[in-house]
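Chain identifiers are assigned alphabetically (A, B, ...) following the order of the sequence lines, protein sequences preceding nucleic acid strands; residue numbering begins at 1 within each chain.
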There are 2 protein chains.
Amino acid sequence: MTATASRADGRHAPRKRAGNGAAPRDGADDIGLDALVGHAGYAVRRFQIWIFQDFIKTLGEVDIRPTQYSVLTVIGANPGLSQMAVAKRLGIERARLVHLLDSLEQRKLVKRIKSKQDRRSHALHLTAQGETALTKFKRLAAEHERHVEAKIGKENRAQLLRILSGFT
Amino acid sequence: MTATASRADGRHAPRKRAGNGAAPRDGADDIGLDALVGHAGYAVRRFQIWIFQDFIKTLGEVDIRPTQYSVLTVIGANPGLSQMAVAKRLGIERARLVHLLDSLEQRKLVKRIKSKQDRRSHALHLTAQGETALTKFKRLAAEHERHVEAKIGKENRAQLLRILSGFT
DNA sequence: AAAGATTGTTGTTGACGACAACAATTGGCG
DNA sequence: CGCCAATTGTTGTCGTCAACAACAATCTTT
């Protein structure tokens with residue numbers, strides 16, 4: 001055999017100080033992402049993780065997660081909606097919404113009222129407690145939104161909302 | 001009971017044709033999101049769902065998901081990294097990376113080579129098969145990226161990448 | 001050499017999306 | 001009218017993913 005480190009699989013070395021083939025580099029700081037940078041999905045994923053974590057932390061004192069907040073907001077703005085309508089509007093599976101509403105109803109924030117027009121469906125309403133609570137949630141959500149501004153800049157946040165306005 | 005649909009909880013109607021209190025509106029088209037619009041997190045979540053679904057579909061023929069793609073890309077660009085380094089760089093739990101690598105190793109795309117410097121860690125490399133496969137994956141990923149451009153516009157995509165460049 | 005930290009691994013928990021099946025009810029159509 | 005298809009809420013399963021906790025093997029520090 002030749003002296004050139006076998007490589008029985010017969011491929012060219014990946015053009016980047018691949019070296020001996022068993023030398024782990026740690027650091028994790030100077031690692032190039034190369035092709036990964038330039039992928040919109042990757043950037044969006046990382047940002048979405050950050051933004052959700054900040055939301056969860058900022059609304060941690062009231063124990064409200066982003067999805068719960070969106071449900072409460074939609075019901076608050078459109079009382080009487082059916083579960084199907086809420087699910088469709090928010091892009092949530094109606095099966096998933098069942099559990100979300102179970103939780104929110106247990107916490108006395110939401111009521112399911114049996115509709116008389118369509119006895120299959122429920123008309124969703126905020127309770128009195130739910131409305132006052134939502135006011136507080138909105139205040140905390142606004143605080144979270146300010147964190148976003150502080151992170152990416154007021155101008156950039158506005159641009160972001162404009163660019164993604166088609167997905168709401 | 002009176003004719004006014006009880007409302008024993010005694011609250012004012014939430015200012016929007018709440019009406020009888022048990023009238024579900026369907027449609028799901030003309031539902032106002034009100035406060036939800038204007039939340040960066042909501043727009044980003046919806047967009048992220050869309051973009052991932054397109055990625056999964058576009059790379060469906062090769063059965064590669066976004067996270068798998070990111071792992072392959074980083075390893076391909078930085079051969080010899082340890083699992084810890086990859087996990088830290090991509091913001092993945094090292095526990096999660098174990099399963100990801102199990103899968104990729106079964107498919108002969110990645111090799112775990114026991115390091116001689118630090119016998120706790122593994123040096124990660126693409127196999128020959130993995131390198132040629134990654135080339136194809138990148139071509140499909142570029143196609144996916146063109147879908148994104150078609151969806152939000154070339155200019156907006158560039159702006160998005162610029163705004164979120166701090167999260168890569 | 002002993003104590004503490006790191007690496008890979010296994011396991012659990014909980015949120016979440018995707019599906020499938022089901023009972024009750026409604027609506028369409030012959 | 002009566003029957004069949006569709007809709008609504010519900011329950012359940014499966015797979016992905018983040019967050020922890022615990023552990024053995026190994027390194028590092030003292």
- Message: Set out, in order, the CA-CA distance, both residues' side-chain angles and the distance that settles side-chain hydrogen bond (donor to acceptor under 3.5 Å, both in side chains) for A:R65 and A:Y69, then state yes or no.
- Response: CA-CA 6 Å; A:R65 315 191 95 257; A:Y69 179 77; over 6 Å; no
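Across all strands shown, A:Q83 has heavy atoms under 4.0 Å from sugar-phosphate atoms exclusively, and none from any base. At a threshold of 4.0 angstrom between heavy atoms, the contacts of A:Q53 are confined to the sugar-phosphate backbone, with no base atom among them.
Contact check, A:R65 against C:dC16: a side-chain N or O comes under 4.0 Å of OP1 or OP2. Within the 4.0 Å cut-off from OP1 or OP2 of D:dA18, at least one side-chain nitrogen or oxygen of A:R45 is found. Between B:R96 and the phosphate of D:dA18, there is a side-chain N or O to OP1/OP2 separation shorter than 4.0 Å. A close approach under 4.0 Å does not occur between any side-chain nitrogen or oxygen of B:R119 and OP1 or OP2 of C:dT7. Contact between the side-chain N/O atoms of A:Q117 and the OP1/OP2 oxygens of C:dT26 is not found at any separation under 4.0 Å. Close to C:dT25, at under 4.0 Å from its OP1 or OP2, lies no side-chain N or O of A:S121. Taking side-chain N and O atoms only, B:R94 has no distance below 4.0 Å to OP1 or OP2 of D:dA21.
Between B:E105 and B:R112, at least one side-chain nitrogen of the basic residue sits less than 4.0 Å from a carboxylate oxygen of the acidic one, meeting the salt-bridge criterion.
In this entry the distance linking CD1 of B:I49 with C1' of D:dC17 reads 13 Å, nearest Å.
Judged by closest nucleotide on DNA chain C, A:P66 is the one of A:A95 and A:P66 placed further toward the 5' end. Between A:I92 and B:R120, the one whose closest nucleotide on DNA chain C sits nearer the 5' end is B:R120.
The aromatic rings of A:H144 and A:H147 sit perpendicular, their planes meeting at an angle over 60°, well past the 30° parallel limit.
Closest to the side chain of B:R112, from the set C:dT9, D:dT11, C:dC16, is C:dT9.
A distance of 6.5 Å separates OH in A:Y42 from CZ in A:R45, rounded to the nearest 0.5 Å.
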